[in-house]
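First up is the structure itself, then whatever we jot down about it.
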Amino acid sequence: MVDQFDVIETGGNGRRRWIGVAVVLGLLVVPVAGFLLSRDPDPEVVLPPSGTIASLSTITSAPNMLHATSRAKGDDEIIDVVFPDGEEAEVRYPAELQLDDLGSRPFQGSWVEGDQFGAYRALTTPYGGDYEITRGAKPLRNFTPTVTLWPRPPGSGVGQVLLFEFGPWRVAMYDRPEGLRFEQRLAVAKGLHGKVTKDGYLVLSSDKSIRLAVPGDGPRGDPVGPQLWFGGGSGDMLALVPMPDCRLPQIPSAMEARGRAARARCQGDMLIAASGSRRFVEQAVEGIRVRLK
């Protein structure tokens with residue numbers, strides 16, 4: 001019965017619009033899911049598995065977050081971060097921004113092999129964790145013990161969702177409505193790999209079945225290389241985007257789609273973008289300093 005969902009990918013227009021729709025699903029908490037999370041007493045449904053990183057397993061409103069430990073430096077705070085391609089950096093920010101409390105999660109663009117249109121797919125970490133995708137139901141298909149296929153989100157403009165489990169992290173690949181072929185999905189399920197660093201950050205790698213975007217990549221000018229997102233949902237949000245020579249100095253489409261005040265600026269090879277309250281946005285783009293290690 002589930003084979004009916006494994007249909008052939010077609011079409012290649014409207015890529016930037018589709019990217020924005022797919023990625024913004026990774027930013028917004030589904031209200032119904034949040035309501036159920038607050039009521040459901042079963043931690044196995046709403047939280048990552050037991051024995052995971054403490055900072056992830058103790059967050060109930062946004063379980064797919066890492067809350068790094070900060071250190072004070074005058075009126076600022078500093079946290080050490082790792083981007084999903086393994087690049088390390090030191091982030092210094094005004095203490096009022098409270099980036100350590102907002103928490104961070106990775107974003108990574110990718111292209112799936114075997115599609116004549118260059119099958120771009122975003123790899124996001126859902127703000128609401130796996131429950132945002134599963135709603136406590138059963139998957140359409142199990143590709144591997146840690147990769148499952150789920151129905152398209154109700155009322156969305158995207159297709160079905162591949163959900164990956166890397167330790168405490170849950171990574172979602174939102175498909176287009178037409179869908180990847182079964183063989184492509186199987187290859188991606190086996191070909192995408194994740195490793196959790198000692199500090200809890202997720203680093204991704206892949207085999208030839210999927211090409212991960214690198215810093216500076218951006219279909220139609222939208223940066224899709226490895227990124228770290230802080231916050232999200234309906235609140236303040238910050239994106240740190242490594243960008244050689246900052247050659248795509250624009251606000252990522254996911255932030256534009258939130259309908260909040262947004263601004264971005266370049267700091268050397270780093271794009272700093274923020275959306276949310278005007279005070280947060282101004283402090284973030286003017287006050288954050290990032291030093292790559």
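Once rounded to the nearest 0.5 Å, the distance linking CE of Met237 with OG of Ser277 reads 14.0 Å.
Between Lys190 and Asp207 there is no salt bridge, since no side-chain N of the basic residue sits under 4.0 Å from a carboxylate O of the acidic one. A salt bridge is defined here as a Lys NZ or Arg NE, NH1 or NH2 lying under 4.0 Å from an Asp or Glu carboxylate O, and Glu87 with Lys293 fails to meet this definition. A salt bridge does not link Glu88 with Arg291: every distance from a Lys NZ or Arg NE/NH1/NH2 to an Asp or Glu carboxylate oxygen is 4.0 Å or more. Salt bridge Arg211/Asp217: present, at least one basic N to carboxylate O contact under 4.0 Å. Using a cut-off of 4.0 Å between Lys/Arg side-chain N and Asp/Glu carboxylate O, Arg71 and Asp80 are scored as salt-bridged.
Residues Val147 and Leu163 form no side-chain contact, since every pair of their non-hydrogen atoms from C-beta on lies 4.5 Å or further apart. The closest side-chain heavy-atom distance from Phe83 to Val241 is not below 4.5 Å. The shortest side-chain heavy-atom distance between Thr197 and Val203 falls under the 4.5 Å cut-off. The side-chain heavy atoms of Pro215 and Asp85, taken from C-beta on, include a pair separated by under 4.5 Å. Under the 4.5 Å side-chain criterion, counting only non-hydrogen atoms from C-beta, Leu202 is not in contact with Pro84. Side-chain contact between Leu292 and Glu90 is absent, with no heavy-atom pair separated by less than 4.5 Å. Looking at Tyr131 and Pro126, their side chains never come closer than 4.5 Å, going by heavy atoms from C-beta outward. You'll find the side chain of Asn142 stays beyond 4.5 Å of the side chain of Thr144, heavy atoms only.
For Asp269, there are no side-chain hydrogen bond (donor to acceptor under 3.5 Å, both in side chains) partners at least two apart in sequence or on another chain.
Residue Asp75 places its CG atom among 12 or fewer non-hydrogen atoms of other residues, nucleotides or ligands, all under 6.0 Å distant. Other residues, nucleotides and ligands place no more than 12 heavy atoms under 6.0 Å from the CZ atom of Arg279.
For Ser253 and Asp222, the side-chain atoms include at least one donor-acceptor pair closer than 3.5 Å. Side chains of Gln227 and Trp229: a donor on one and an acceptor on the other come within 3.5 Å.
The two residues His193 and Phe166 come nearest to each other via the heavy atoms C-CE2, 3.8 Å. Shortest non-hydrogen contact noted between Ala172 and Val161 is CB-CG1, 3.8 Å.
The side-chain tip of Arg141 points at the ring of Phe143 from less than 6.0 angstrom away and within 45° of straight on.
Considering Glu77, Gln98, Lys73, Gln283 in turn, Glu77 is the only one that fulfils the side-chain contact (heavy atoms from CB on, under 4.5 Å) rule with Tyr93.
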